[in-house]
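Presented below is the structure to which this report refers.
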Amino acid sequence: MKQQAKRLLKRLCMAVGVVLLSTLDPSVGYAAERAIEIKHLGEGQSLVRVDARAKYLLLPVEESSPESKLYMIVDNDVVRIFNVRLAVNKVDYFVPVDLSGYADKTISFNFRFTPESALCWKEMKLSDQFDSSNREKFRPAYHFSPAWGWMNDPNGMVYKDGEYHLFYQYNPYGSMWGNMHWGHAISKDLIHWEHQPVAIAPDALGTIFSGSCVVDKDNTAGFGAGAIVAFYTSADSRQMQSMAYSLDNGRTFKKYDRNPILTSARRDFRDPKVFWHKESGKWIMVLAVGQEMQLYSSPNLKDWTYESCFGEGQGAHAGVWECPDLIELPVKGTKLKKWVLICNINPGGPFGGSATQYFVGTFDGKQFVNESPALTKWMDYGKDHYATVTWSNAPEGRTIALAWMSNWEYANNVPTLQYRSANSVPRDLILYTKNGQTYLSSTPSPEVLKLRGKAQRKGTFRVDRSREVYPILPDHTGAYEIEIEFMNNGADIMSLQLFNTKGEEVEMHYNLLENTFTMDRRDSGATDFSKTFATVTSAPISAAKEYTLRLLVDRCSIEAFDGNGAFAMTNLVFPEEPYNRVRFNAKGGAFTVTSLTIYPLK
Ligand code: FRU
């Protein structure tokens with residue numbers, strides 16, 4: 001009888017154009033036919049009704065498909081709007097739509113721009129589980145990456161009560177840019193991160209672009225002493241600044257009910273960085289506005305007064321300025337402190353695409369003045385170091401920076417699927433002086449040392465022509481550190497290659513005629529996902545007899561650091577298998593490797 005009734009109902013529904021799906025995940029143990037109902041309405045529009053007793057609606061994604069727009073509807077109200085590249089011909093992966101919180105409701109979705117013939121209608125399913133365990137060989141072992149979905153800029157980094165918070169530009173509905181949320185992770189040591197639920201989600205003012213957090217110790221905003229206050233850009237057809245606050249150490253955020261707090265008629269008006277300026281007793285906000293930085297001040301984090309702008313005629317201008325930071329740093333070996341304005345630029349980096357430039361100078365609470373307007377200074381000489389900003393409220397007076405380890409030229413196309421992008425290792429910042437100029441030195445934060453396993457020392461040896469060290473580590477999995485001390489005995493070029501049995505290699509060398517350090521990733525592995533990935537990057541060095549090089553190698557990246565902090569160079573690489581050999585080559589004379597130490601990193 002029951003069966004008959006069901007069959008009748010099914011036929012009835014079919015007659016009115018309702019498709020009842022029985023492709024239900026076995027983990028959901030109730031009547032399949034009631035789970036997903038699909039009505040195609042013509043011209044790419046469909047209504048999908050789901051039973052909210054399952055935790056997730058799993059949507060099949062095909063990255064080469066155009067975006068469909070989804071309106072999630074509960075009790076006739078839209079509760080979420082987002083875009084998904086729904087599978088038309090094949091399924092690359094699934095993304096979860098979290099249905100929890102609506103347990104006794106029926107949830108509907110209005111899908112726009114998806115043809116009736118698309119594969120997604122057959123493949124979407126309800127489930128109580130979403131498997132986010134790693135299935136990617138390039139996923140870093142010790143760099144932060146999202147469990148699934150797309151990540152770009154690090155956002156709102158703040159330290160409070162023994163925890164480092166990392167928020168980040170996040171798309172939970174696909175591994176390409178879109179639907180910007182603030183993702184969240186927490187660490188006690190800057191190295192081991194615990195994924196947290198999404199911190200801030202899009203709303204009627206727009207998606208959630210980059211920004212910063214502060215700890216409002218003195219309750220200047222009135223949300224509560226010690227509130228973590230987040231500033232972000234609400235991005236729609238216009239960009240404006242909004243705020244949200246957390247009274248439970250970043251676990252949940254409440255948006256300020258009078259958002260936005262700052263608007264403009266300028267198109268590019270974003271990425272608020274807020275900090276407390278002791279001398280003037282005010283909060284300062286730095287904003288990226290087209291190709292300049294604007295500065296505002298506030299007594300209470302809510303009301304902002306324009307102070308000044310910086311940019312014209314200063315530094316690189318071949319692209320838009322983004323993600324500013326303004327920090328005061330000590331100058332190594334002196335009692336001096338200077339201000340540094342960090343300015344990310346895209347495109348217009350030294351090797352194409354995005355990069356981080358900075359200016360050194362003074363700041364009086366109103367205006368930043370660059371002490372060397374004729375010079376353009378780069379924070380990192382690789383191609384994959386962008387959106388760099390620093391931790392707010394870091395302990396022991398430290399200034400710790402983090403960069404997004406990619407480049408807008410190809411970030412959406414790198415060969416991973418489950419997730420896309422990772423961050424650099426955290427780096428401690430300090431200033432140093434060279435030839436009368438002040439430069440920024442960024443070196444791996446001391447916490448990175450904790451990753452080191454047992455050291456393998458390969459001794460001292462002279463390189464007249466070529467010398468090979470094999471293997472790097474007997475059983476390594478592509479995550480290691482190499483520290484090398486070079487002593488030059490008259491060579492023009494001191495080079496090393498990291499390579500594997502597939503013939504893939506990354507070549508690095510000191511050119512002592514031109515005083516440069518260079519990394520060549522043209523034969524490093526997969527490069528064909530982008531015309532501009534196969535590149536050579538180069539940093540200026542000072543003439544010297546001895547150099548120390550520190551290489552942090554992970555499954556898809558190499559970060560090279562000068563032992564004295566004179567340069568950093570961050571490049572992605574996608575080798576088929578880990579580089580497990582090193583070869584040294586000398587040209588124009590010989591050199592000595594006075595020390596070579598390899599550490600597995602775990
Ligand atoms: C930098 C950036 C920011 C913006 C964000 C959007 O990579 O373009 O300016 O806030 O990404 O995701």
Side-chain angles (χ1 to χ4, degrees), residues 67 82-83 146 149-157 166-184 198-202 205-213 230-244 260 262 264 266-274 285-294 311 316 318-325 341-349 352-357 379-380 383-390 401-414 419-424 570 572:
E67 286 183 324
F82 53 99
N83 301 312
W150 163 271
M151 175 177 82
N152 55 296
D153 317 356
N155 292 154
M157 290 115 75
L166 166 62
F167 302 92
Y168 52 89
Q169 287 288 280
Y170 183 47
N171 181 5
Y173 301 117
S175 300
M176 297 174 93
W177 186 87
N179 306 307
M180 296 329 293
H181 292 58
W182 272 26
H184 185 203
V198 157
I200 309 180
L205 294 180
T207 54
I208 314 297
F209 273 19
S210 289
S212 57
C213 282
F231 297 85
Y232 57 89
T233 302
S234 294
D236 204 339
S237 55
R238 277 286 173 272
Q239 301 184 344
M240 45 206 170
Q241 315 321 319
S242 293
M243 70 201 269
L262 202 56
S264 167
R266 302 281 297 269
R267 261 201 109 66
D268 291 304
F269 181 68
R270 59 177 177 265
D271 306 344
K273 171 72 192 199
V274 176
M285 180 189 287
V286 195
L287 275 177
V289 187
Q291 289 194 18
E292 65 183 30
M293 298 302 185
Q294 291 188 352
V320 69
W321 287 14
E322 301 182 313
C323 302
D325 203 342
L341 179 62
I342 293 178
C343 169
N344 291 281
I345 175 171
N346 176 53
S354 31
T356 309
Q357 65 175 331
M379 190 164 168
D380 185 288
K383 198 157 164 155
D384 300 296
H385 181 277
Y386 194 58
T388 316
V389 284
T390 65
L402 196 68
W404 174 50
M405 203 157 53
S406 198
N407 189 310
W408 279 118
E409 279 185 346
Y410 43 70
N412 276 290
N413 309 107
V414 298
Y419 79 99
R420 256 194 207 95
S421 296
N423 289 331
S424 70
T570 305
L572 292 175

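For ligands, and for the atoms within them, numbers begin at 1 and follow the listed sequence.
For the pair Thr233/Phe269, no side-chain contact is recorded, criterion being any heavy-atom separation below 4.5 Å from C-beta on. Taking 4.5 Å as the limit, every side-chain heavy atom of Asn344 sits out of range of all side-chain heavy atoms of Ser354. Contact of the Met285 side chain with the Leu262 side chain is registered, since non-hydrogen atoms from C-beta on lie closer than 4.5 Å. Counting heavy atoms from C-beta outward, Gln241 and Phe231 have side chains that stay 4.5 Å or more apart.
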Under a 3.5 Å threshold, I'd like every N/O contact between ligand 1 and protein atoms, with atom names and distance.
{"unit_1": "ligand 1", "atom_1": "7 (O)", "unit_2": "Asp153", "atom_2": "OD1", "d": "2.7"}
{"unit_1": "ligand 1", "atom_1": "7 (O)", "unit_2": "Asp153", "atom_2": "OD2", "d": "3.3"}
{"unit_1": "ligand 1", "atom_1": "7 (O)", "unit_2": "Trp408", "atom_2": "NE1", "d": "2.9"}
{"unit_1": "ligand 1", "atom_1": "8 (O)", "unit_2": "Glu322", "atom_2": "OE1", "d": "3.4"}
{"unit_1": "ligand 1", "atom_1": "8 (O)", "unit_2": "Glu322", "atom_2": "OE2", "d": "2.8"}
{"unit_1": "ligand 1", "atom_1": "9 (O)", "unit_2": "Arg270", "atom_2": "NE", "d": "2.7"}
{"unit_1": "ligand 1", "atom_1": "9 (O)", "unit_2": "Asp271", "atom_2": "OD1", "d": "3.4"}
{"unit_1": "ligand 1", "atom_1": "9 (O)", "unit_2": "Asp271", "atom_2": "OD2", "d": "2.6"}
{"unit_1": "ligand 1", "atom_1": "9 (O)", "unit_2": "Glu322", "atom_2": "OE2", "d": "3.1"}
{"unit_1": "ligand 1", "atom_1": "10 (O)", "unit_2": "Ser210", "atom_2": "N", "d": "3.1"}
{"unit_1": "ligand 1", "atom_1": "10 (O)", "unit_2": "Asp271", "atom_2": "OD1", "d": "2.6"}
{"unit_1": "ligand 1", "atom_1": "11 (O)", "unit_2": "Asn152", "atom_2": "ND2", "d": "3.2"}
{"unit_1": "ligand 1", "atom_1": "11 (O)", "unit_2": "Asp153", "atom_2": "OD2", "d": "3.1"}
{"unit_1": "ligand 1", "atom_1": "12 (O)", "unit_2": "Asn152", "atom_2": "ND2", "d": "3.1"}
{"unit_1": "ligand 1", "atom_1": "12 (O)", "unit_2": "Gln169", "atom_2": "OE1", "d": "2.7"}
{"unit_1": "ligand 1", "atom_1": "12 (O)", "unit_2": "Trp177", "atom_2": "NE1", "d": "2.9"}

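Taking the six-membered ring where tryptophan is involved, the planes of Tyr170 and Tyr168 are perpendicular, since the angle between them exceeds 60° and thus also 30°.
Listed by chain and number, the residues in a side-chain contact (heavy atoms from CB on, under 4.5 Å) with Ala355 are Pro350, Trp378 (sequence neighbours excluded).
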